[in-house]
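Here's the structure, in structure tokens; my notes come after.
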Amino acid sequence: MIGTILAFLDKHLEEGLCSLCLVVTSCSVMLQVILRFVFSEASAWAEELAIIGMIGGVYFGAALAVRDKAHLRIAFILQLLPERIRTPLIILSDLLWLSSLVFLLYQSSQWMTLLFNSHYIMPGLGIEQRWPQLIVPVAIGLMILRMGQLYYRWITGKEKELI
């Protein structure tokens, strides 16, 4: 049972999170448009919710791209090279990328420490700002996890190519 749930999450977690974020963003923006043009009113919470949804969509979408090996790389140029040159270049670029992700995770954890030591309520939603901001370190951690999975599958022979 637990294995089935983990397999499902491994296959669909980012898709679900991206879909949820897209629905939240779309509905919030549509609500804001209706409120402004039909009722001549505005809602701060709808705007804040749309921003949070957009940020989540971007970061979880990046994790989805890592999982599916669809992230931005110089893959087109690398495919033209022989495999004995291509693979070390991919590993080098991924190591550089991983180091930037680790740096971003560190910086975002420092930011989260500041947020958890302060008290700031978002005016529209009435919630602490720290909770929506957790999207960033969680998504960066998910990217690192997915990159680790990609290399694990490549090393164990379950994946033939890194691109």
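Values below: every heavy atom of this structure, side chains too, minus hydrogens, waters and symmetry copies.
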(request) Would you give the length of the straight line joining atom CD of E15 to atom CG of D68, rounded to the nearest 0.5 angstrom? (result) 7.0 Å

(message) If we ignore hydrogens and angles and just use 3.5 Å, is the side chain of R130 paired with the main-chain N or O of Y120 as donor and acceptor?
(response) no

(message) Donor-acceptor pair, distance only, cut-off 3.5 Å: does the side chain of S26 make one with the backbone of V23?
(response) no

(request) Report yes or no: do L115 and L134 belong to one cluster of Ile/Leu/Val/Met/Phe/Trp/Tyr joined by side chain heavy-atom distances under 4.5 Å? (result) yes

(request) Kindly check if the number of other-residue, nucleotide or ligand heavy atoms within 6.0 Å of CE (M54) is above 12? (result) no

(message) Taking side-chain contact (heavy atoms from CB on, under 4.5 Å) as the definition, give me every residue that meets it alongside E48, ordered by chain and number, with sequence neighbours left out.
(response) M122, P123, L125

(request) Spell out, yes or no, whether L142 and L9 are grouped together once hydrophobic residues are joined by side-chain heavy atoms under 4.5 Å, including indirect joins. (result) yes

(request) Taking the side chain as every heavy atom from C-beta outward, state whether Q149 and K158 have any pair of such atoms under 4.5 Å apart. (result) no

(request) List the steps and the verdict of side chain to side chain contact (heavy atoms under 4.5 Å, CB included) for E47 and S28. (result) CA-CA 7 Å; E47 188 173 328; S28 298; over 6 Å; no

(request) Please report the closest heavy-atom contact between T25 and A50, naming both atoms and the distance. (result) OG1-O, 3.5 Å

(message) Membership question, hydrophobic clusters at under 4.5 Å side-chain separation (ILVMFWY): are L20 and I52 in the same one?
(response) yes

(request) Locate the shortest heavy-atom distance separating G124 from A44; write the atom from each residue and the value. (result) CA-CB, 3.9 Å

(request) Apply ring pair (Phe, Tyr, Trp, His ring centres under 6.0 Å) to W131 and list each qualifying residue two or more places apart in sequence or on a separate chain. (result) F116

(request) Kindly work out whether a path of hydrophobic side-chain contacts (I/L/V/M/F/W/Y, heavy atoms less than 4.5 Å apart) joins V138 to L13. (result) yes

(request) Working to the nearest 0.5 Å, report the span between CD of Q129 and NE2 of H119. (result) 11.5 Å

(request) For A63 and M143, work out which heavy atoms get closest and say how close. (result) CA-CG, 3.6 Å

(request) Write down the atom of L31, the atom of A46, and the distance for their closest heavy-atom approach. (result) CD2-CB, 4.3 Å

(message) To the closest 0.5 Å, what do you measure between CG (L150) and CD (E159)?
(response) 6.0 Å

(request) Just grab all the salt bridge (Lys or Arg N to Asp or Glu O under 4.0 Å) pairs involving residues 95-109, residues at least two apart or on different chains. (result) none

(request) Could you grab the distance from atom CG of L104 to atom OG of S99, nearest 0.5 Å is fine? (result) 9.5 Å

(message) Enumerate the ring pair (Phe, Tyr, Trp, His ring centres under 6.0 Å) contacts for residues 21-45, please, sequence neighbours excluded, ordered by first and then second residue.
(response) none

(message) Show the nearest heavy-atom pair for residues I135 and G56, with the distance to one decimal.
(response) CG2-CA, 3.7 Å

(request) Hey, could you give me each pair passing ring pair (Phe, Tyr, Trp, His ring centres under 6.0 Å) that has a residue in residues 2-34? Not counting sequence neighbours. (result) F8-H12

(request) Give the minimum heavy-atom separation between E128 and S118, together with the two atoms involved. (result) OE1-O, 4.2 Å

(request) Spell out, yes or no, whether Y151 and L101 are grouped together once hydrophobic residues are joined by side-chain heavy atoms under 4.5 Å, including indirect joins. (result) yes

(message) Taking the side chain as everything from C-beta on, heavy atoms only, tell me whether L17 gets closer than 4.5 Å to E14.
(response) no

(message) Please identify which of these residues, T87, I91, I85, meets the side chain to side chain contact (heavy atoms under 4.5 Å, CB included) condition with L89.
(response) I85

(request) Mind checking salt bridge (charged side-chain N to carboxylate O under 4.0 Å, His left out) for D10 and listing every partner two or more places apart, or none if nothing turns up? (result) R146, R153

